[in-house]
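In what follows, a structure is listed as structure tokens, so that the remarks can point back to it.
These numbers come from the heavy atoms of this one structure, side chains and all, not from hydrogens, waters or symmetry mates.
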Amino acid sequence: MLAFCAAALLVLAGTPALAQANEPISIGRDDTALDLTEAVTIYRDRGGAFRVSTAPDAEGIVRTIEVQAVNEETAGDWAVLVLTNTSDVQIDRLLVAPRFRLVDSGLFWPDLGAQRIVSFTPSAGFSLDRIEDPHADIFAITLDPGAVITLVAELASPSLPQLYLWEEDAYRDIVNSYSLYHGIVLGIAGLLALFLTILFVVRGTATFPAAAALAWAILAYVSIDFGFVSQFGVLATDAIRTWRAMAEVAVVATLGLFLFTHLSLDRWSDRMRWGALIWLLGIGALAALVGYDPAVAAGIARLALAATAAFGLALIIVLSLRGFDKAIMLIPAWSLLLAWVAAGWMTITGQVDNDIIQPALAGGLVLVMLLIGFTILQSAFSGGAFHENLFSNVELQALAVTGSGGIVWDWDVGRDRLTTTPNLGVQLGLGPTALQGPAKNWLRHVHADDRENFRAALDAVVEKRRGKIDLVLRMRTGETQHAWYRISARPVIGADGSVIRCIGTATDVSAQKRAEERLLHDAVHDNLTGLPNRELFFDRIRTAVSLAAAGSGVRPTVFIVDIDRFKEVNESVGMNAGDTLLITVARRLKRQLRNEDTLARIGGDQFGIVLVSETEPSEIASFAEAVKKTVKTPISFAEREIVLTPSVGLATWSPECRRGEELFKDTELALHQAKRFGGDRVEPFRPAFRDGSANVVQMEADLHRAIERGQISLVYQPIIRADTGDVAGFEALMRWNHPRRGDVPPSEFITIAERSDLIGDLGAHALEMAAMQLMEWETALPDAPVFVSVNVSSHQLVRRDFTNQVAGILARHPQRTHTLRIEITETSLMQNPEQNVRVLERVKALGVDLALDDFGTGYSSLSYLSRFPFDVLKIDRSFMQPVSTGRDALLKSIVDMAHALSLTVVAEGVEDEDDRALLAEMGADYLQGFITGQPLDPEAAAALVARQIPAVSGNDQAAE
């Protein structure tokens, strides 16, 4: 705040004497840099209000101004400066007061830097704007032509070591030039510290960590001196003094530590060891003093540095005279250090006073450290031990990487330092230090479910002192992404029996894990819609029923949603469109469910729902109506609207229900009733529905016992060669002789088996009997190789153990000349084509022939036929009916297509000799039907083959 007063006010009572302005400093347009330090007059202890008489202006007028302190914490120190613009143009300049200068900073209670100027108050013109800078107090000033301005500065500290007037561009140029120099020095210091640290890791003798510590201390000192850390806001202005003092203490401490370890002073005398201990305690006390009084601590550190340099010189001279090589090699570096100490003393005492000496001393200190680094490196190489240790580690890592094809995983147990080479953290995008260091650093980057396994494996190896680490972990690569790694390592046992190291490899197994997850997903999910399949649906029902029976409050309701007359829809719009309709219905139904509910595709056009989110009857009824409405909503497809209608059966769990299969059967009964009433309705289960299915339940029980008691037998329908009429093989057909009902038709008991999940046991029984019969014929008919075809249902094919089941049967009943053939219908095949391809490929690898049964009655057969590993194609009997004028052309095209795909053709439903001759002419390989006779028991079938053995031999001879 300015107040202009008349000169007469000076005579008022109690008014202190006014400060007088200095002689003006002339500023011209060509003055780019002026040192104003000597032109400043400092007034101390003048309080919070300061009065000063201005210098005479251009008209010779003298004024009095009073300046009020801006900062209440200032000590009342003020500075006065007068500037005049002698040019005829306006001049813009910068007033710069450095916050720290090593020059003349003092040996005792040194000035460690501080804010110098709070504000400038001009006697005329505009106020001065502060320019924020971490290194100096900078104010922008504008001088009008001929103006004489008295500047009053409110000081933030008692001293003002230096004040410059700079032209702005010149100041920026000099700052930039210093910045380049600072960057070069800092880069050299940083690389040197890093290099010595690496040497310490490779060669862990005491000299290397001591030299590395000295290098890091010098790097910290230079960083603070250059203001590098301040540029990033790491240190506040007031904290700089403390950290500058701490850096000087650190340089002294690490210099003494290096001298002690490099010269191995403890080997010469115990007094040296005790002296070093006392010296370290003194340095520790000095470091504690930094927090109380940084200036005193820095002064003592400067004295200690000089003493350490002198003491080191004496030691080096004495040890060199004794022929100690390390002392001799240290002479050049220590001589340079002494020269640096002398230059530093001349600088802080003010004997050398220029702006270049401070950055030069910082660069000289780094040069000293560089020479020390070369010295210890020369010493290490000349000893030979460095070479041996270095190459052993490199060879170890090279062998591990070459042998495993992965990443070297090395855990130094004693130092708790875990490293990977190449750096796994960099590969995962976590940063170079994320996975390098203590083993606990890994925990925050390991998946939460794997952390305990990782921790337990490391602890177990260390505690038991044996075994190995073999883990598969998920490592974080992003917010939600993880990569799988297998860690395999073995412990290295030290002389005392403890684990000192664990070395092994880390291998990326993400691709393998993803493949396993895909296979697991495909095994329990529908290929078309991506929904859970029948197997997973039954598992969810069993889980829900178990929870309900345990009294958890869960009361599941099971729904079966069947699309009415969907086969007709498929025939009208095509199979691809039908698949699209099913996907649309699945997506709509899924939107009706909550997270805890389950939607599955359990058949071609059937969906199953396990509803656990609703337990009230009214809510369940509302949900059922919503499902019906969802399915009936028109679907736009190819410029037309398709309306589907559903039949919905549902059953809610009751305490009498103990098994999930029972709840599902009740739901099936309800669906059956909905279908009986014409469909397009929701039918809840009622106990009365079970009465109509009592016979079915009894038949299921009888069928289960029939399999166990061997009441299921096989008969064999001959399959003949189309050209000769000779028997080439048989199709095995199941027969059930019921104890009370007599012969039960296969169409009846196979349907019951599929509905009750007995089809797997029934199919396995048929395969076992057929293989056993082939092995008997292997002995009885070794010169007449035949094949036996066995039908397999879709329920068998989706079982996870189907391949192992077939392999076990072949192992128990091996054949050399006879062949087991498995037949799969088109409809069964296309329920889950992607999974069935993989299953059939594994079955074919066992040596089993594969036949596609009922060709032409299913869907999408042509598009998928080339993808399946079939050997045989069986033309369905419906093609043999003479109802179409184009029958012969259709049969001929099927035979030609099959042969083009290298498939053998079997025509079913052949009834007379005319059909046989026609098919033989078309190129069909085998025939099956009434023309081949009725199915035979095993003995009759064997006799039929035996009768044609001479004919077979005769044909072979004729062929020869």
Side-chain angles (χ1 to χ4, degrees), residues 713-735 743 745-747 750 766 769-770 773-774 776-777 780-781 783-792 817-825 849-857 870-882 887-888 891-892 894-895 898-899 903-956:
S713 62
L714 294 181
V715 294
Y716 299 90
Q717 183 177 24
I719 300 175
I720 65 173
R721 291 185 172 86
D723 53 353
T724 65
D726 295 333
V727 176
F730 300 91
E731 180 176 357
L733 305 175
M734 283 186 284
R735 295 292 184 263
D743 290 336
S747 59
I750 289 177
M769 289 190 297
Q773 187 61 60
L774 277 174
E776 292 178 3
W777 288 346
L781 304 168
D783 298 327
V786 296
F787 60 84
V788 173
S789 297
V790 182
N791 280 286
V792 171
T817 59
H818 294 43
T819 305
L820 179 65
R821 179 179 292 175
I822 290 178
E823 295 185 2
I824 305 99
T825 65
D849 287 348
L850 300 176
L852 177 61
D853 196 12
D854 297 343
F855 178 79
T857 62
F870 287 114
D871 305 286
V872 180
L873 184 146
K874 298 187 72 174
I875 303 175
D876 187 70
R877 66 181 67 250
S878 61
F879 286 92
M880 299 305 302
Q881 303 298 325
R887 185 198 72 164
D888 295 351
L891 286 173
K892 176 62 175 173
I894 293 176
V895 172
H899 286 164
L903 298 178
T904 301
V905 178
V906 178
E908 295 184 292
V910 182
E911 299 182 357
D912 52 40
E913 184 62 28
D914 292 339
D915 288 341
R916 186 197 69 78
L918 175 64
L919 289 167
E921 182 181 353
M922 290 180 179
D925 301 287
Y926 301 104
L927 308 177
Q928 182 178 351
F930 289 147
I931 194 173
T932 65
Q934 296 295 322
L936 307 173
D937 58 34
E939 293 76 13
L944 178 62
V945 175
R947 286 196 297 269
Q948 69 182 26
I949 290 178
V952 173
S953 302
N955 290 340
D956 292 342

### From CG (L944) to CD (E939), nearest 0.5 Å
13.5 Å

#### Entry: Heavy-atom closest pair, residues T932 and Q928
CG2-CA, 4.0 Å

### Query
Do you know the tightest heavy-atom contact between P718 and F730?
CA-CD2, 3.6 Å

### Task
Write down the atom of P935, the atom of L733, and the distance for their closest heavy-atom approach.
CG-CD1, 3.9 Å

### Query
So, the side chain of Q948 versus the backbone of V727: is there a donor-acceptor pair under 3.5 Å, distance only?
yes

### Message
Can you tell me which residue among V788, D937, V786 is in a side chain to side chain contact (heavy atoms under 4.5 Å, CB included) with Y716?
### Response
V788

### Message
Rounded to the nearest 0.5 Å, what separates atom CZ in F855 from atom CD1 in I894?
### Response
5.5 Å

### Neighbour count above 12 (heavy atom, 6.0 Å) for Q934 CD
no

### Query
How long is the span from the CG atom in L852 to the CD1 atom in I824, to the nearest 0.5 Å?
7.5 Å

### For D871, salt bridge (Lys or Arg N to Asp or Glu O under 4.0 Å) partners two or more places apart
K844

### Task
First locate atom CD of E731, then atom CZ of R821, and finally report the distance between them rounded to the nearest 0.5 Å.
10.5 Å

### Summary
What one should report as the nearest heavy-atom pair of A942 and L781 is O-CD1, 3.9 Å

#### Entry: Over all atoms of both residues, closest heavy-atom pair of L774 and T819
CD1-O, 3.5 Å

### Query
Which heavy-atom pair separates I931 from D912 by the least distance, and what is that distance?
CD1-O, 3.3 Å

### Summary
In this structure, CG of L927 is separated from CD of E911 (nearest 0.5 Å) by 12.5 Å

With a cut-off of 3.5 Å and sequence neighbours excluded, list every side-chain donor-acceptor pair involving residues 918-926.
from : atom 1 : to   : atom 2 : distance (Å)
D925 : OD2    : H899 : NE2    : 3.1
D925 : OD2    : V905 : N      : 2.8

### Query
Quick one: does E908's side chain get under 4.5 Å of D853's, heavy atoms only?
yes

### Nearest-0.5 Å distance, CG of residue L714 to CE of residue M734
7.5 Å

